[in-house]
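Note that the coordinates shown come from a computational prediction; the quantities given were computed from them, not determined experimentally. So you know, we letter chains A, B, ... as the sequences are listed, proteins then strands, and number each from 1.
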Number of protein chains: 2
Amino acid sequence: MKSLVLPGLDRPEGMTTHDYAFARLRQAIMVGAFRPGTSVTIRGLADALESSPTPVREALRQLTSIGALQFLENRRIVVPRITPARFEELISLRIALESHAARRAVAHLSDRQIDRIVTLDDAIEAAILAGQKAQALIANQQFHRQIYTANPDQVAMPLIESLWLQLGPILGIAMEHVTEFYVIDRHREAIEALRRRDEDAVAQAIAADIREGIGGFDQQAIGKLLALAG
Amino acid sequence: MKSLVLPGLDRPEGMTTHDYAFARLRQAIMVGAFRPGTSVTIRGLADALESSPTPVREALRQLTSIGALQFLENRRIVVPRITPARFEELISLRIALESHAARRAVAHLSDRQIDRIVTLDDAIEAAILAGQKAQALIANQQFHRQIYTANPDQVAMPLIESLWLQLGPILGIAMEHVTEFYVIDRHREAIEALRRRDEDAVAQAIAADIREGIGGFDQQAIGKLLALAG
DNA sequence: TTCCTAAGAATGTGATCACAAAAAGAACGG
DNA sequence: CCGTTCTTTTTGTGATCACATTCTTAGGAA
């Protein structure tokens, strides 16, 4: 049985079943395809991915290591719930980590790379205008990732993505309830700062971008949703 | 065959084979029992832990998710090598993350908890005086963990431990070559700041503690070792 | 000696199965 | 109608096995 819920993701040939399952589930969680508190089963996902329990269990175990899932005491596997306090911690950590990563990326960014970042920002706007929420979210993540990974020795990206994964489920709820996008574009501000190679300004723009709108969503609205979903 | 290399770790009854394998391997890497570049095999570890490939493979996969191990393209599993640049990134991230975590823990610390932190600091000194390097390392980690986890909603600890794991192997090398401990005790400074509930001072003391000596080791010495071990 | 090739060994991968624990449902008694 | 107990089903766990890939090593040719 092939799942209709999991966002599609082509499987490059040569990729192991485990890697495919991991990538697929990870992507699904990151874009909010699972709601907080949802429970998943190994066999169920194995069927959905048309494989067997072994590689799926490995993928699920990996996802717990990065906070995307949770193995409960009763051996149930669930998408973690988020309290308002935990949400606030995650956001403040995002700000700390990502402004740090952005600052340390500035020196490594070539003009050509900055041009590519601008292209990604355009893609975000295009997705928003087209009403493709999930696509806008993915493009926004790519925008951030492109900046941080310019630093070749960077080690923060996996940690940042762990935070994105933990915030994913709540974004999924937000996407259902928010009809209007708040495009408070700190991205242009960040890009200008990148062009000037102004580390402080870049860090500040990224911090503001995170604080003011989580990937285009209004934070207050999410706060209210948390009271319900927590 | 039971391994003599892996640090012992009692297996509480009811703990699954997988959890035991994960905890055991994680602890081993964290205290530097494996050198950078070391390759491990699933069957080998399964024998050492007197179990089978399945739970061990799951544990190894989890360890790769947090940067403690690496699955190479050729399907070999190795302890990642660390370049001087990567080392510097890890340290700067530790400073960013841990001073952030410390700052946000201050408000939650009771006087009783601070007393317990002092006890842990005494344990570090005792271990150093007794020449028990690994024990001193563990006690030092407990000291830091005790502070950060005082914040009940904290989400940074797993990320911080990921950094500790990535630094573990290099600490293992350092422990072999460094005969003298440099006890630059910023811990007392941190404790005093905690007592005053002075967030800035706490963050500063933690940052200085990390910068000046990684768990009691001289950083410059590690830098030199990296040139050889990278 | 050096390089290349081929046979054998070692290793990761993934499906399967038996088992135990937990959850869900059915039957019964108050 | 509600709660309890027993049965059935579901589900995670871990050992095992077959397969494909990779590594190792032995042998031979230049």
Side-chain angles (χ1 to χ4, degrees), chain A residues 1-3 5-6 9-26 29 34 37-81, chain B residues 1-3 5-6 9-26 29 34 37-81:
Chain A
M1 182 214 335
K2 211 166 190 178
S3 167
V5 183
L6 267 52
L9 211 73
D10 284 342
R11 174 172 180 173
E13 101 176 271
M15 188 182 218
T16 63
T17 304
H18 157 267
D19 279 329
Y20 177 63
F22 178 72
R24 191 94 177 266
L25 292 170
R26 181 188 135 97
I29 294 171
F34 294 99
T38 304
S39 71
V40 298
T41 64
I42 295 173
R43 284 178 172 89
L45 290 174
D47 285 346
L49 295 169
E50 294 177 313
S51 66
S52 69
T54 310
V56 170
R57 199 160 77 218
E58 287 170 26
L60 295 181
R61 280 258 144 77
Q62 273 188 277
L63 289 165
T64 65
S65 276
I66 51 184
L69 289 177
Q70 207 173 355
F71 275 63
L72 301 181
E73 280 301 322
N74 43 341
R75 299 185 165 176
R76 266 253 160 99
I77 306 161
V78 299
V79 179
R81 293 182 185 280
Chain B
M1 179 211 343
K2 211 166 188 177
S3 168
V5 183
L6 266 51
L9 211 73
D10 283 343
R11 174 172 180 175
E13 100 176 272
M15 189 182 218
T16 64
T17 304
H18 157 267
D19 280 329
Y20 177 64
F22 178 71
R24 190 94 179 265
L25 292 170
R26 181 189 135 97
I29 294 171
F34 293 99
T38 304
S39 72
V40 299
T41 64
I42 294 172
R43 284 179 173 87
L45 291 173
D47 286 346
L49 295 169
E50 293 176 313
S51 66
S52 70
T54 310
V56 169
R57 198 161 76 217
E58 287 170 26
L60 295 181
R61 280 258 144 77
Q62 272 187 279
L63 288 165
T64 65
S65 276
I66 50 185
L69 288 177
Q70 208 173 354
F71 275 62
L72 301 181
E73 280 302 322
N74 43 342
R75 299 186 165 176
R76 266 256 159 97
I77 307 161
V78 299
V79 179
R81 295 183 183 279

Roughly how many Å is it from [atom1] in [X] to [atom2] in [N], rounded to a whole number?
X: A:Ile77; N: C:dA22; atom1: CD1; atom2: P; value: 15 Å
X: A:Met15; N: C:dT13; atom1: CE; atom2: P; value: 13 Å
X: A:Leu45; N: C:dA15; atom1: CG; atom2: P; value: 14 Å
X: B:Tyr20; N: D:dT13; atom1: OH; atom2: P; value: 18 Å
X: A:Leu49; N: C:dA15; atom1: CG; atom2: P; value: 11 Å
X: B:Asp47; N: C:dA10; atom1: CG; atom2: P; value: 12 Å
X: A:Glu58; N: D:dG14; atom1: CD; atom2: C1'; value: 12 Å
X: A:Asp19; N: C:dG14; atom1: CG; atom2: C1'; value: 13 Å

When we call it a touch if two heavy atoms are under 4.0 Å apart, what does [X] touch: a base, just sugar-phosphate, or nothing?
X: B:Val40; value: sugar-phosphate
X: A:Arg57; value: base
X: A:Arg43; value: base
X: A:Thr17; value: sugar-phosphate

Derivation of the side chain to side chain contact (heavy atoms under 4.5 Å, CB included) call for A:Phe71 and A:Arg61: CA-CA 8 Å; A:Phe71 275 63; A:Arg61 280 258 144 77; 3.4 Å; yes
Minimum heavy-atom distance A:Ile66-B:Ser65, with the two atoms named: CG2-O, 3.7 Å
Name the closest nucleotide to the [X] side chain, picking from [options].
X: B:Arg76; options: C:dT16, D:dT24, D:dT13; result: D:dT24
X: A:Thr41; options: D:dA15, D:dG12, C:dA15; result: D:dG12
X: A:Thr16; options: C:dA15, C:dT13, C:dG12; result: C:dT13

Assign each of B:Pro53 and A:Glu73 to its nearest nucleotide of DNA chain C by heavy atoms, then name whichever residue's nucleotide is nearer the 5' end. B:Pro53
Between B:Thr54 and B:Arg75, just flag the one whose closest nucleotide in DNA chain C comes earlier from the 5' side. B:Arg75
Give a yes/no answer on whether the side chain of A:Asn74 brings an N or O atom under 4.0 Å of OP1 or OP2 in C:dA21. no
Does D:dT13 have OP1 or OP2 sitting under 4.0 Å from an N or O in the side chain of A:Arg61? yes
Just wondering, do B:Leu69 and B:Phe34 contact through their side chains at under 4.5 Å, heavy atoms? no
State, with a plain yes or no, whether a side-chain heavy atom of A:His18 is found less than 4.5 Å away from one of A:Thr54. no
Working to the nearest 0.5 angstrom, can you tell me the gap between B:Arg24 CZ and B:Asp19 CG? 14.5 Å
